[in-house]
Amino acid sequence: MTLSIFLIGALAGLLLGLDRTAFGQFMLARPVVAGPLTGWLIGDPLVGLQVGALVELLWLGRLPVGAAIPPDDTQVAVAATVLAVAAGQYYSLEGITLILFSVLVAMPLGKVGQVFDRLARSRNARLARQAESDLKSGRTAQLERRHLQGLVHFAAAALGTYLLIVLPGWLLVRFAGERLLPALDGVDGWLLLAFPLVGTATILGTINVSRSLTLFAASFTTVLLLLWLL
């Protein structure tokens, strides 16, 4: 059962990773959508929604626009959802502590997504130069092949990021979960408070608006209320 959760998560990570920048861009790759979608595929959409909301809060102001390469929040949301569901089955547990633990395990590992993303873009830049040469020479079949190769590079980057989050993350869950989960149990309320606090402050810090204190208080209260309702 656990293996099937990881395999379905890998497929979801690959497809949602393409939506991030390479194909479609239907916003399915945003954590608040990717989390519940992955959760639905592996049998627990509510866990995915809670994971996605927490990840979205922290990285809403860091979008992969233009040349910017932020941490791969899509794969963090997918992998953290997979880890939360798999850990819940392994320890026969459920609740916000397990979700916070999975998000905290996955978040630092999400930085590897930047490395894979840079590699994919670098290879695609080389493909673009080769495509120009193909276009001048009239080699249209080769041109189409290079275009598809670009998608393969982004798909490989998404899958690589997912694996590098899930595999060490699962080892941490398996071998350190028994000691770390009880430690988190006493501070889960503060951690749940910290996510909307830091997320709202981060978002307001990236935009130039008046009455930022009012906006901060309203946003923080709204998000906290939503998390409480979930």
Side-chain angles (χ1 to χ4, degrees), residues 6 9-39 47-84 87 99-125 150-151 153-173 191-192 194-207 219 223 227:
F6 286 120
L11 181 62
L14 191 152
L15 296 175
L16 292 168
L18 286 176
D19 181 71
R20 186 173 165 84
T21 52
F23 180 78
Q25 293 189 310
F26 297 115
M27 303 303 284
L28 298 176
R30 294 307 309 158
V32 76
V33 181
L37 269 179
T38 306
V47 167
L49 180 58
Q50 290 172 306
V51 168
L54 291 173
V55 177
E56 185 77 63
L57 278 172
L58 287 184
W59 282 329
L60 184 60
R62 309 260 332 251
L63 300 173
V65 178
I69 304 177
D72 196 335
D73 49 6
T74 304
Q75 300 307 322
V76 169
V78 172
T81 301
V82 168
L83 289 174
I99 290 165
L100 286 169
F101 178 63
S102 302
V103 171
L104 290 174
V105 167
M107 275 177 53
L109 298 170
K111 290 288 287 183
V112 298
Q114 290 176 299
V115 177
F116 282 114
D117 207 343
R118 283 195 190 94
L119 280 174
R121 292 183 190 215
S122 173
R123 287 184 174 276
N124 284 351
L151 284 179
H153 290 160
F154 276 116
L159 190 59
T161 304
Y162 169 80
L163 291 175
L164 278 180
I165 296 174
V166 155
L167 294 179
W170 180 239
L171 289 177
L172 193 62
V173 168
L191 280 174
L192 196 60
F195 272 87
L197 190 66
V198 174
T200 307
T202 304
I203 294 166
L204 289 177
T206 58
I207 55 179
S219 305
V223 171
L227 285 174

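Position 1 is the first residue of the sequence; numbering continues from there. Everything numeric here is computed off the predicted structure, so don't read it as measured data.
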Q: Are the side chains of L109 and P168 in contact, using a 4.5 Å heavy-atom criterion?
A: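 Yes, at least one pair of side-chain atoms sits under 4.5 Å.
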Q: CG/L15 to CG/L28 distance, rounded to the nearest 0.5 angstrom?
A: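 L15 CG to L28 CG: 10.0 Å, rounded to 0.5 Å.
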Q: What are the two closest heavy atoms between S102 and A80, and how far apart are they?
A: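 Closest approach of S102 to A80: CB-O, 3.5 Å.
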Q: Could you check whether any side-chain heavy atom of V103 comes within less than 4.5 Å of a side-chain heavy atom of Q50, counting everything from C-beta outward?
A: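 Side chain of V103 against side chain of Q50, heavy atoms only: no contact under 4.5 Å found.
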Q: Find the distance between CG (L14) and CZ (F154) and round it off to the nearest 0.5 Å.
A: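 Going from the CG atom of L14 to the CZ atom of F154 covers 13.0 Å.
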Q: Check whether any side-chain heavy atom of D72 sits under 4.5 Å from a side-chain heavy atom of R20, and report yes or no.
A: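 In short, these two side chains touch, coming nearer than 4.5 Å.
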Q: So, taking the atom named CD in Q75 and the one named CG in D117, what distance separates them when rounded to the nearest 0.5 Å?
A: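 Rounded to the nearest 0.5 Å, the CD-CG separation comes out at 10.5 Å.
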Q: Closest approach of A29 and A34, non-hydrogen atoms and distance?
A: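 Closest approach of A29 to A34: O-CB, 4.0 Å.
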Q: Side chains of F6 and W170: does their closest heavy-atom pair fall under 4.5 Å?
A: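 Sidechains of W170 and F6: in contact.
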Q: Measure across D19 and G24 and return the closest heavy-atom pair with its distance rounded to 0.1 Å.
A: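 Smallest interatomic distance, heavy atoms only, reads OD1-C, 3.8 Å.
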Q: With V105 as reference, evaluate L172, L171, I165 under the side chain to side chain contact (heavy atoms under 4.5 Å, CB included) test and give the passing residue.
A: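 Only one of L172, L171, I165 forms a side chain to side chain contact (heavy atoms under 4.5 Å, CB included) with V105, namely L172.
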Q: Supply the atom-to-atom distance S122 OG to H153 NE2, rounded to the nearest 0.5 angstrom.
A: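 S122 OG to H153 NE2: 10.0 Å, rounded to 0.5 Å.
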Q: If we ignore hydrogens and angles and just use 3.5 Å, is the side chain of E56 paired with the main-chain N or O of V32 as donor and acceptor?
A: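 Side chain of E56 to backbone of V32: a pair is present.
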Q: Can you see which heavy atom on G9 is nearest to which on V78, and at what distance?
A: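 Heavy atoms only, the tightest pair is O-CG1, 3.6 Å.
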Q: For R30, is there any backbone N or O sitting under 3.5 Å from a side-chain donor or acceptor partner on T74?
A: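 No, T74 side chain to R30 backbone: no donor-acceptor pair under 3.5 Å.
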Q: Heavy atoms, side chains only, cut-off 4.5 Å: are L164 and F116 in contact?
A: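 Yes. Closest side-chain heavy atoms under 4.5 Å.
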Q: Could you give the distance from CD1 (I99) to CG (L104), rounded to the nearest 0.5 Å?
A: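 Interatomic distance, I99 CD1 to L104 CG, rounded to 0.5 Å: 12.0 Å.
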Q: State the OH-CG distance between Y162 and L11, to the nearest 0.5 angstrom.
A: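 Result: 10.0 Å between the selected atoms.
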Q: Is it true that atom CZ of R123 has more than 12 heavy atoms of other residues, nucleotides or ligands lying nearer than 6.0 Å?
A: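 No.
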Q: Grab the two heavy atoms, one from A158 and one from G17, that are nearest each other, plus how far apart they are.
A: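 What the structure gives for the nearest pair is CB-CA, 3.8 Å.
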Q: Looking at every non-hydrogen atom in both residues, tell me the closest pair between A87 and V173 and how far apart they are.
A: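 Heavy atoms of A87 and V173 come nearest at CB-CG1, 3.6 Å.
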